[in-house]
Structure formats: C-alpha cells, structure tokens
There are 2 protein chains.
Amino acid sequence: MRPTTKTSAAILVRPRIYLGKGLAIGPGKIDLLRTVAELKSIAAAARKLSIPYKRAWVLIDSLNQGFGKPVVETTSGGKGGGGASLTTLGQQLVEKYDALERRLNAQAAEELAAVRALTD
Amino acid sequence: MRPTTKTSAAILVRPRIYLGKGLAIGPGKIDLLRTVAELKSIAAAARKLSIPYKRAWVLIDSLNQGFGKPVVETTSGGKGGGGASLTTLGQQLVEKYDALERRLNAQAAEELAAVRALTD
DNA sequence: GAGCGTTATGTCTCAACAGACCTAACGAAA
DNA sequence: TTTCGTTAGGTCTGTTGAGACATAACGCTC
C-alpha cells in the first residue's frame with residue numbers, strides 16, 4: 001500500500017512458550033533473568049524493572065521449580081548482603097529464547113505486515 | 001516431575017499480536033471468530049466453546065471497537081432469532097492469523113527444539 | 001556482638017476479571 | 001398478537017493476581 005514508510009514499530013510478536021504443565025516462559029521472565037544476570041542481585045533487578053521484590057522472587061522460584069534444576073543461584077548474607085547469578089541453564093535459556101524471538105520476528109515479518117495492514 | 005514420553009507435543013508457540021494500544025489478538029479470539037463463522041451465531045459459538053455468551057460478546061465487541069470497523073456482523077430478531085457472520089475483514093483476520101501461526105511454528109521448529117531440550 | 005543489605009517467606013488488601021443471572025429489543029413465524 | 005431464539009447489554013459476586021507490608025535468616029564488615 002504505502003511502500004515509503006517501513007517504520008512499523010507498533011506491532012510485535014511476544015512469544016510465550018508452554019513447556020510441560022504449569023511451566024511457561026515469556027518476555028517478562030526473560031527480561032528478569034537478563035537483569036538479574038546484569039546486576040547480580042534479585043532485589044536490584046526488581047528495583048530496575050519497577051516490580052516488587054516478592055514478585056521477582058516468585059517468578060524466579062517458579063522457574064527453578066518448573067525446570068527441576070535451578071535457573072538462578074543465590075547466596076544470602078556476606079558482603080553486600082548476598083547476591084544472585086544465572087546458572088548455565090539460566091544463561092542457555094536466555095540465549096535460546098533470544099534466538100527464537102529474533103527468528104520469529106524476522107521470518108514472520110511478511111505475515112506480520114499482512115495482519116498489520118488490516119488495522120488501517 | 002516425571003519425564004513422561006519423549007515425543008512430547010506439549011510445546012507450542014501461541015502468538016499474541018499487539019496492535020495499537022489496548023488492542024490485541026490471540027488464539028482465544030481467533031478460535032471464537034472461527035466458530036462464529038462456522039455456526040453463524042454468537043450464542044451457538046459460545047455454547048460450543050463452553051464460555052458465557054456475555055464473554056463471547058465482549059470479546060467480539062472489543063475487536064469491533066478496536067479495529068474501528070466491524071469484524072462480526074449481526075442481525076437480531078427474525079428467523080431463528082437472529083444470527084452473526086464474519087465481515088470480510090473478520091475473514092481476512094482469521095486467514096492472516098492462521099498463516100502467521102503456521103509459519104511461526106514451522107520456521108521456528110529448530111529454536112523451539114533447542115528450548116525444549118533445556119527442560120530435560 | 002551490632003549493623004547492614006540481601007535472600008526468603010507469610011499475610012493482608014485491593015483491583016481486575018470471569019462467570020452467573022437478569023432484562024430489553026428485535027423481527028419472523030405461528 | 002403471542003411465541004421464540006437471538007443479539008445487546010446491565011449488574012452482582014467469587015476468584016485470582018499483584019502490590020504493600022512485615023519479618024526472619026544469613027554472613028560479612030566494623
């Protein structure tokens with residue numbers, strides 16, 4: 001229709017992947033994991049994302065429980081009060097999800113544009 | 001937590017597409033539209049999907065409002081009490097969404113498997 | 001040992017949402 | 001004119017979830 005403008009930033013696919021029963025992973029948890037990895041602290045990540053610590057902890061706990069193996073390792077007490085970091089499983093999870101999300105948006109750009117065209 | 005079987009089809013991508021603010025479309029609404037098209041009645045579709053008529057109507061109304069143009073056309077009174085059917089916009093919406101969903105699951109199979117492998 | 005910041009929970013409240021129930025309007029058919 | 005099944009809502013309630021708050025445990029540092 002309009003070949004000139006290609007700035008379609010208002011549309012995007014946010015994949016939520018369902019693994020097994022009750023366990024799901026979406027953009028929210030991935031962002032949280034990424035921030036925890038960056039700041040090495042659940043509390044700091046929660047502050048940065050403007051969510052209550054409790055919620056951040058619940059989300060991470062649900063991942064740890066759901067995967068059977070921990071996605072985030074924590075230590076309490078000690079220098080700075082403690083901290084948190086991603087396990088290799090957690091790192092892989094973020095990496096794989098990013099790859100999936102990137103591919104989804106790239107490969108499906110055509111169909112996305114088709115849906116978007118309907119909103120005009 | 002048992003591994004169950006190896007051939008677990010329990011993983012899939014359910015895309016929810018965000019168009020503009022407040023307007024989103026996901027598998028639920030698409031299924032509803034499909035059923036309305038099939039049965040030519042909102043009430044009948046709601047019964048088949050085991051959801052209250054009110055909810056079905058609210059979902060459809062949100063689509064009609066969100067798109068600015070109606071996605072479902074209705075008539076009240078008359079033979080059989082009335083009925084409903086998809087507009088061409090509604091039909092296109094279902095078609096485009098189906099194409100997107102199919103492509104997503106096909107093209108991203110590799111990355112999906114990678115994520116799934118982490119759950120073992 | 002006291003202080004500190006973090007992890008780890010429990011509990012309470014409030015808003016949002018889903019579902020249930022109810023009523024009105026409509027128009028063809030009987 | 002009455003009946004009937006549908007569309008089109010309004011309203012109430014139970015449930016769920018998020019957020020706010022409180023508290024304990026932990027282990028370095030001072």
Side-chain angles (χ1 to χ4, degrees), chain A residues 14 16 18 21-67 69-87 90, chain B residues 16 18 21-67 69-87 89-90:
Chain A
R14 299 190 149 276
R16 168 158 284 109
Y18 298 87
K21 58 176 179 65
L23 178 58
I25 183 138
K29 285 177 185 167
I30 290 295
D31 284 352
L32 176 59
L33 288 184
R34 227 192 309 264
T35 309
V36 167
E38 177 194 349
L39 302 179
K40 299 209 171 300
S41 159
I42 297 178
R47 282 194 297 267
K48 180 166 188 178
L49 297 179
S50 298
I51 61 175
Y53 169 84
K54 175 68 174 288
R55 172 158 170 70
W57 181 85
V58 166
L59 289 175
I60 290 173
D61 189 56
S62 72
L63 285 176
N64 286 341
Q65 300 292 332
F67 275 95
K69 291 190 290 183
V71 168
V72 172
E73 270 175 337
T74 61
T75 62
S76 85
K79 69 173 198 298
S85 61
L86 298 194
T87 62
Chain B
R16 168 159 284 109
Y18 298 87
K21 60 179 179 64
L23 178 59
I25 183 136
K29 285 177 185 167
I30 290 294
D31 284 353
L32 175 59
L33 288 184
R34 227 192 308 263
T35 309
V36 167
E38 178 194 348
L39 301 179
K40 299 208 171 299
S41 160
I42 297 178
R47 283 193 296 268
K48 181 166 188 179
L49 297 179
S50 298
I51 61 174
Y53 168 84
K54 176 67 175 291
R55 172 158 171 70
W57 181 84
V58 166
L59 289 175
I60 290 173
D61 189 57
S62 73
L63 285 176
N64 286 341
Q65 301 291 333
F67 275 94
K69 292 189 291 184
V71 169
V72 172
E73 270 177 338
T74 61
T75 61
S76 84
K79 69 174 198 298
S85 61
L86 298 194
T87 62
L89 173 60

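Note that this is a predicted model, so its numbers are computed, not measured. Below, read A as the first sequence line, B as the second, and so on, with proteins coming before strands; counting in each chain starts at 1.
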Between [atom2] of [N] and [atom1] of [X], the distance in whole Å:
X      : N       : atom1 : atom2 : answer
Q65(B) : dG9(D)  : CD    : C1'   : 13 Å
I42(A) : dT9(C)  : CD1   : P     : 10 Å
E73(B) : dC26(C) : CD    : P     : 19 Å
N64(A) : dT7(C)  : CG    : P     : 13 Å

Considering just the side-chain nitrogens and oxygens of [X], establish if one lies under 4.0 Å of OP1 or OP2 belonging to [N].
X      : N      : answer
S41(A) : dT7(C) : yes
T74(B) : dT6(D) : no
W57(B) : dT7(D) : no
R47(A) : dG5(C) : no

For the student: nearest non-hydrogen atoms of Y53(B) and I42(B), plus distance: CE1-CG2, 3.5 Å
Residue-level proximity of residues 49-56 of chain B to DNA chain D when a heavy atom falls under 4.0 Å: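 Within this stretch, Y53(B), K54(B) sit under 4.0 Å of the strand.
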Residue met sooner reading DNA chain C from 5', once G81(B) and A43(A) are mapped to nucleotides: A43(A)
D61(A) or G82(A), whichever maps to the more 5' nucleotide of DNA chain C: G82(A)
Check: L63(B) and V72(B) side chains under 4.5 Å, non-hydrogen atoms: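 V72(B) vs L63(B): side chains apart.
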Verdict with reasoning, L49(A) to L32(A), per side chain to side chain contact (heavy atoms under 4.5 Å, CB included): CA-CA 8 Å; L49(A) 297 179; L32(A) 176 59; 3.9 Å; yes
Check against side chain to side chain contact (heavy atoms under 4.5 Å, CB included), K69(A) and T87(A): CA-CA 9 Å; K69(A) 291 190 290 183; T87(A) 62; over 6 Å; no
S41(A) side chain to A84(A) backbone, donor-acceptor under 3.5 Å: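 It does not hold such a pair.
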Nearest-0.5 Å distance that lies between atom CG in L59(B) and atom CG in N64(B): 11.0 Å
Residue whose closest nucleotide on DNA chain D lies nearer the 5' end, G77(A) versus G80(B):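 Per heavy-atom nearest nucleotide, the more 5' residue is G80(B).
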Test log, rule side chain to side chain contact (heavy atoms under 4.5 Å, CB included), inputs I60(A) and V71(A): CA-CA 8 Å; I60(A) 290 173; V71(A) 168; 6.0 Å; no
K79(A) side chain, from C-beta outward: closest of dT6(D), dT7(C), dC28(D): dC28(D)
